[in-house]
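Per chain, numbering begins at 1; letters A, B, ... match sequence-line order. Since this is a predicted model, take the numbers as computed values, not measurements. All values below come from the heavy atoms of this structure, side chains included, with hydrogens, waters and symmetry mates left out.
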Amino acid sequence: MKLNKRSVAHYALSDSPADHTGFLRIWGGPGTPTTPSGTGRRCWFVLKGNLLFSFESPEGRAPLSLVVLEGCTVELAEAPIPEEFAFAIRFDAPGVRPHLLAADGQAAQEAWVKALSRASFGYMRLVVRELEGQLQEARQSLASHRCATRKAIASRCKPQAPNHLFPSPENGHFLPSNCSSMGSTEEGGSRPAGRDLAEWEWQGPASFLLSKGQSPVSPETSCFSTLHDWYGQEIVELRRGWQQRALGGQLECEP
Amino acid sequence: MRYNEKELRALSRQPAELAAELGMRGPKKGSVAKRRLVKLVVNFLFYFRTDEAEPLGALLLERCRVAQEEPGGFSISFVEDPERKYHFECCSQEQCEQWTEALRRASYEYMRRSLIFYRNEIQKMTGKDPLEQFGISEETRFQLSSLPRDGLSARVSSRLDELD
């Protein structure tokens with residue numbers, strides 16, 4: 001089966017911070033005994049998301065191996081494994097032997113088991129959905145609280161500023177650095193000074209969704225993706241405007 | 001680089017976020033489009049020959065760029081080599097948009113950013129950290145510092161400082 005290994009290796013080496021790192025001894029890979037006799041092979045492990053990479057050392061330029069952590073459970077290794085601080089990654093898939101690993105101490109062992117247990121995509125998705133639900137509830141209660149006292153604001157549909165916390169449009173990609181000027185260009189624009197940020201953030205998405213014929217609080221993940229698209233459009237427009245202004249400035253400076 | 005192929009094959013049999021028969025063309029010059037069953041499972045895109053149960057291959061969707069390609073198709077490329085594209089042909093613009101949307105949201109890193117966004121929003125609105133009740137507020141993977149070191153993260157950090 002093919003895999004985009006070059007891209008995977010690039011991701012492993014990229015500056016995206018790891019969720020956990022450390023030395024571990026491993027059994028079961030090529031060049032190591034299949035049972036935990038001997039000390040196993042000592043490698044540098046890097047956990048990123050649901051991917052566990054191993055390297056020769058922290059300075060390693062290419063990953064030795066990848067374990068995709070989906071459909072598995074992680075537990076402290078039981079007897080008869082004689083190794084101290086050992087743990088196992090067991091897969092549900094039939095005919096797959098567990099990956100046996102050992103840390104250098106109890107704290108490291110516990111930290112690894114904890115980190116690996118929470119590494120799956122499904123776990124992250126669960127937490128995201130939970131928070132989505134909580135955010136909807138918080139917005140609903142804020143909306144009902146403010147509805148009575150802020151009728152005039154509801155008529156204004158256009159949002160005033162992009163939320164810089166927002167993930168970039170591309171998958172894991174980053175907004176170009178010219179976006180930092182967006183903050184300053186729109187300050188002098190339509191946004192009134194001293195605008196209550198929390199109020200805007202409630203009103204903005206709610207009005208946008210209302211104008212799309214949706215309930216102000218969308219169900220499940222479509223809430224986030226709708227916000228994503230909406231903020232994304234705003235960012236694209238502002239970026240275009242900045243670029244035009246920058247280009248205009250450049251032309252002025254040329255002799 | 002070795003990888004746990006058996007487990008990845010098992011993953012390809014799990015319920016998919018999206019699955020469809022699409023035209024697929026590899027990044028190599030002169031490659032021809034072929035019908036493939038394409039299946040999105042977590043942050044992997046698996047592709048199968050239409051009459052086979054075992055996947056031909058998989059694409060890890062971290063640090064990828066998904067772009068619409070005229071007409072009625074899209075491409076996936078990766079940060080380290082943006083010109084090297086995997087091309088997909090859809091049967092409608094609607095299907096194309098459905099796939100590009102899903103693929104853009106499919107990475108673990110995207111979910112992580114979403115989580116940090118929601119966490120921060122809830123904290124601002126309620127004054128409470130929503131992860132505390134689950135005892136996971138200190139987990140590395142949920143921290144702002146777990147975002148890649150780039151301009152976006154710096155802006156996120158400074159924005160949070162402003163709000164304090």
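Per-residue counts of heavy-atom pairs under 4.5 Å with chain A were compared for B:R9, B:E5, B:Q14; the largest is that of B:E5. Of the listed residues (A:A93, A:P94, A:A62, A:G49), the one with the most heavy-atom contacts under 4.5 Å to chain B is A:G49. Looking only at heavy-atom pairs under 4.5 Å with chain A, the residue among B:A58, B:P130, B:A10, B:S12 that has the most is B:A58.
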Kindly determine whether A:L3 and B:F44 satisfy side chain to side chain contact (heavy atoms under 4.5 Å, CB included), including the steps that lead there. CA-CA 10 Å; A:L3 179 66; B:F44 283 89; 4.1 Å; yes
Apply side chain to side chain contact (heavy atoms under 4.5 Å, CB included) to B:R63 and A:S7, showing your working. CA-CA 8 Å; B:R63 300 285 187 104; A:S7 305; over 6 Å; no
Kindly indicate, with the supporting measurements, whether the criterion salt bridge (charged side-chain N to carboxylate O under 4.0 Å, His left out) is fulfilled by A:E130 and B:R119. CA-CA 10 Å; A:E130 170 63 33; B:R119 182 186 189 182; over 6 Å; no
Evaluate side chain to side chain contact (heavy atoms under 4.5 Å, CB included) for A:V96 paired with B:N4, printing each intermediate quantity in order. CA-CA 9 Å; A:V96 174; B:N4 52 337; over 6 Å; no
Yes or no on side chain to side chain contact (heavy atoms under 4.5 Å, CB included) for A:K2 and B:Y47, after CA distance, side-chain angles and deciding distance? CA-CA 10 Å; A:K2 291 189 220 166; B:Y47 49 98; 3.9 Å; yes
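At a threshold of 4.5 Å between non-hydrogen side-chain atoms, the residues B:F142 and A:V127 count as touching. Counting heavy atoms from C-beta outward, A:M1 and B:K6 have side chains that stay 4.5 Å or more apart. With a 4.5 Å cut-off on side-chain heavy atoms, B:Y108 and A:R125 do not count as touching. Two residues are said to be in side-chain contact when any heavy atoms from C-beta on lie closer than 4.5 Å; A:E137 and B:I122 fail this criterion.
The structure places CG of B:N43 at 4.0 Å from CG of A:N50, a figure rounded to the nearest 0.5 Å. Interatomic distance, A:L69 CG to B:L11 CG, rounded to the nearest 0.5 Å: 11.0 Å. Rounded to the nearest 0.5 Å, atoms CG (A:L64) and CE (B:M1) are 10.5 Å apart. Annotation: the span from A:E132 atom CD to B:E121 atom CD amounts to 12.5 Å, rounded to 0.5 Å. Between the OH atom in A:Y11 and the SG atom in B:C64 there is a gap of 11.5 Å [rounded to 0.5 Å]. Between atom CE of residue B:M125 and atom CG of residue A:L135 there is a gap of 6.5 Å, rounded to the nearest 0.5 Å.
Scanning residues 49-57 of chain B against chain A with a 4.5 Å heavy-atom cutoff picks out B:P55, B:L56, B:G57, ordered by number. Contact residues of residues 110-118 of chain A toward chain B are A:K114, A:A115, A:R118 (heavy-atom distance under 4.5 Å). Residues of residues 81-93 of chain B having a heavy atom under 4.5 Å from any heavy atom of chain A, listed by number: B:D81, B:R84, B:Y86.
Looking at A:H20, neither its backbone nor its side chain comes within 4.5 Å of chain B, counting heavy atoms on both sides. For A:S141, no part sits under 4.5 Å from any heavy atom of chain B, backbone or side chain. With a 4.5 angstrom heavy-atom cutoff, A:A119 touches chain B via backbone and side-chain atoms both. Heavy atoms of A:Y123 lying under 4.5 Å from chain B belong exclusively to its side chain.
Between the side chains of A:S16 and B:E109, no donor-acceptor pair is found at a separation under 3.5 Å. Side-chain contact check for B:E62 and A:H10: no donor-acceptor pair (N or O, by modelled atom type) lies under 3.5 Å. Remark: the A:Q134 side chain and the B:Q133 side chain contain an N/O donor-acceptor pair separated by less than 3.5 Å.
The two atoms that bring A:V128 and B:L115 nearest to each other are CG2-CB, 3.8 Å, heavy atoms only.
Looking at A:L66, A:L51, A:V68 one by one, the single match for side-chain contact (heavy atoms from CB on, under 4.5 Å) with B:Y3 turns out to be A:L66.
Residue pairs meeting the side-chain hydrogen bond (donor to acceptor under 3.5 Å, both in side chains) criterion with at least one partner in residues 22-42 of chain B, sequence neighbours excluded, are B:E21-B:R35.
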